[in-house]
Engineer: 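Before I ask anything, let me first share the structure, which is written out below as structure tokens.
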There are 2 protein chains.
Amino acid sequence: MRVALLLIGFGHVGRRFVHLLEELRPALDARGIEPVVVGIATRRHGSVFDEAGLDAAQVARQVASGEMAGPSSSEQPAHALIAQLGSLSAEVRVLVETTTLDVRFGEPATSHVRAALAAGAHVISANKGPVAHAYHALASEAAAAKRRFLFEGAVMDGIPIFNLVRETMPGVRVLGFRGVINSTTNHILTAMEHGEAFDAALARMQAEGIAEADPSLDIDGWDAAAKVSALANVWMDARMTPQDVRREGICAGDAARVAAAVAQGRRMKLVGRAARTAGGIVTSVGLETLEVSDPLGGLDGQANALEIDTDILGRVVITQRDGGLEKTAYALFADLVEVAEMTSEVVFRGDR
Amino acid sequence: MRVALLLIGFGHVGRRFVHLLEELRPALDARGIEPVVVGIATRRHGSVFDEAGLDAAQVARQVASGEMAGPSSSEQPAHALIAQLGSLSAEVRVLVETTTLDVRFGEPATSHVRAALAAGAHVISANKGPVAHAYHALASEAAAAKRRFLFEGAVMDGIPIFNLVRETMPGVRVLGFRGVINSTTNHILTAMEHGEAFDAALARMQAEGIAEADPSLDIDGWDAAAKVSALANVWMDARMTPQDVRREGICAGDAARVAAAVAQGRRMKLVGRAARTAGGIVTSVGLETLEVSDPLGGLDGQANALEIDTDILGRVVITQRDGGLEKTAYALFADLVEVAEMTSEVVFRGDR
């Protein structure tokens, strides 16, 4: 099955995704999936579209190496490219959305998702914005268009947390969750436990490309709040935005609290939470003191963990010990396989 | 879609499964799945078969309450019932296998699985025996028969650990794993940390129905070895049996080691492991001293956890904080949904 891909956003995650399509070719071949990258839109190097297919890995290497010979031939806006993708009506079409996001507003990713669904394309996105800000509307639009809208990379990088609940826990009701889901703040808190100053730890995270360019998105809790909103929207039908999350960040002044916790054999973690209450769904992001034996308390550095409280299975925890951008790219790959498998007209793995 | 179910084995797990079919009816209705229990074979109360359908929940209540009015009308052997199930050729047929197992030999479950596949039925089983002893052969037989053989309840009760890797991690290669996967020994080790004697703790586990009737299956490490074998067979194509696992159990003489670990702020856990080496796949079950911040080190009582080492996603841990038989019954339910969805002739969730 030929699957036409348009990549809007072509940073580290988008480029790594393109390389994964080559590295994991056997897994695609085994499923009869033939991805063809027909378009790429970059932030600074223009865009390119060829319905016959591009050599995306070559473009990725050129962009990564700083050669500008990449997709610079045109400056078409993303929406024009999405319309071109939509015109390829004879095949499965997928928008791969990885633009830079302001999690406070969810744009431009949300507009891209909406336009692609309207144009008849499926959408896979590593962006938390659309699902944090507009999940209910976008899911309705996807259902009406008979298209998939998947976003496995939005929370916990490549760990298939949404898929876990959707595909493997039929009939299970999520009662709430709590998680350490922002890598930058967990890095900084871990560094502060070892005596490093807040500002120095943050600067190191930025130098290593782990922290957002605008550090307030991480340290003021916006990234975690967007993830809480996304999870609550998908699992608990919360119909909320990140602005609705009670939000507390971390700052240099927390050093004394961090040291006091360590002195007691405990650890401070920035925890995102959601719970069903008589008054509705209550969500928050804030510093909590945890035991080291707590599944969220033993996490170092980029590790993330999410504890899901369910009616039938009790508390289930999924932990990502080794995070990173390359895992987020894998989430797009897993979403692509899911779209392709569910789009097959006949999935006939067994006779009756 | 009508799905005919034959239950071989009707203990706590089988009876709880029957009640779940009622409690989770909305999730089945939403998927167009209409389960009909056509046969039940119990260990002590005989068997019953009616292709028009039984009131299984009523039978379950009768058996549980000690009224013998349950399935006592005949004493047909399991294989005769499986043949009857196979004769219902017009519909989807599923064997639900939950017989009492000797994990050292994998029978009678393995023979039941084999017979059902040969008779044209799908198989869902909470038994670790068939997958620990004969996974490669049974998977081949299932593929040849175009039937599914699923066993989510074999390891970690209801946590969809096999489904997690099979359905949500396409292209990912499992390099190895380690886990605390036997509840009885974890209970006993936790009790010994609090000063309880080994024999007293074991007796309590047996009284509570947590330990196997033959305690050697738990405390000598056979249960954990069978789970290691099952996981290695499915994820690493190991083609092994529990006898191939280097195996160490726990005993009263471990009290000093447990106390010494606690004195150091550490904990003793019975850990099952598998790793790929130059000499092949190496597996073991044995006591290890862990830090409390280790994802396996913080587990109390019936909690289980499994850390999967992968090529693309690094180390992923899934933790079940609240175990129990009712979760195992849910695993059968999830397997039933998977069989029904994959058996649908057309799964058409989206146009191209």
Engineer: Could you have a look at A:P160, A:A27, A:G298 and say which one has the most heavy-atom pairs with chain B under 4.5 angstrom?
Structural biologist: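 Max contact count across the listed options: A:P160.
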Engineer: How would you list, by chain and number, every residue that makes a ring pair (Phe, Tyr, Trp, His ring centres under 6.0 Å) with A:F151, sequence neighbours excluded?
Structural biologist: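 Here the qualifying residues are A:Y135, A:F149, A:F162.
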Engineer: Applying a criterion of heavy atom separation less than 4.5 Å, what residues of residues 307-317 of chain A form contacts with chain B?
Structural biologist: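 Listed by number, the contacting residues are A:E307, A:I312, A:L313, A:G314, A:R315, A:V316, A:V317.
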Engineer: What residues, two or more places apart in sequence or in another chain, satisfy salt bridge (Lys or Arg N to Asp or Glu O under 4.0 Å) together with B:E23?
Structural biologist: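 By the salt bridge (Lys or Arg N to Asp or Glu O under 4.0 Å) rule, B:E23 matches B:R16.
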Engineer: Check this for me: does any side-chain nitrogen of one of A:R273 and A:E288 sit under 4.0 Å from a carboxylate oxygen of the other?
Structural biologist: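 Yes, A:R273 and A:E288 are salt-bridged.
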Engineer: Between A:R267 and chain B, with a heavy-atom cut-off of 4.5 Å, which part of the residue counts as in contact: side chain, backbone, both or neither?
Structural biologist: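 Neither part.
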Engineer: Taking B:V172, B:L299, B:D300, B:L28 one by one, which has the highest count of heavy-atom pairs under 4.5 Å against chain A?
Structural biologist: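 Greatest number of close heavy-atom pairs with chain A: B:V172.
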Engineer: Which answer fits A:P170, side chain, backbone, both or neither, if we ask what part of it has an atom under 4.5 Å from a heavy atom of chain B?
Structural biologist: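 The answer is both parts of A:P170.
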Engineer: What pairs with A:R15 under salt bridge (Lys or Arg N to Asp or Glu O under 4.0 Å), at least two apart in sequence or on another chain?
Structural biologist: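 Salt bridge (Lys or Arg N to Asp or Glu O under 4.0 Å) list for A:R15, sorted by chain: empty.
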Engineer: Under 4.5 Å between any side-chain heavy atoms of B:L20 and B:V18, yes or no?
Structural biologist: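 Counting from C-beta outward, B:L20 and B:V18 never come under 4.5 Å.
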Engineer: Would you kindly say whether A:D157 and A:Q320 are connected by a side-chain donor-acceptor distance under 3.5 Å?
Structural biologist: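 Indeed, the side chains of A:D157 and A:Q320 share at least one donor-acceptor pair under 3.5 Å.
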Engineer: So do the side chains of A:V92 and A:H122 get within less than 4.5 Å of each other, counting heavy atoms only?
Structural biologist: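 Result yes, sub-4.5 Å side-chain heavy-atom pair found.
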Engineer: Should B:D294 and A:R321 count as an ion pair when the cut-off is N to O under 4.0 Å?
Structural biologist: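 A salt bridge is absent here (no side-chain N lies under 4.0 Å from a carboxylate O).
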Engineer: Shorter than 4.5 Å, heavy atoms on both sides: which option in B:G265, B:P295, B:A121 has the most such pairs with chain A?
Structural biologist: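 Winner by heavy-atom pair count: B:P295.
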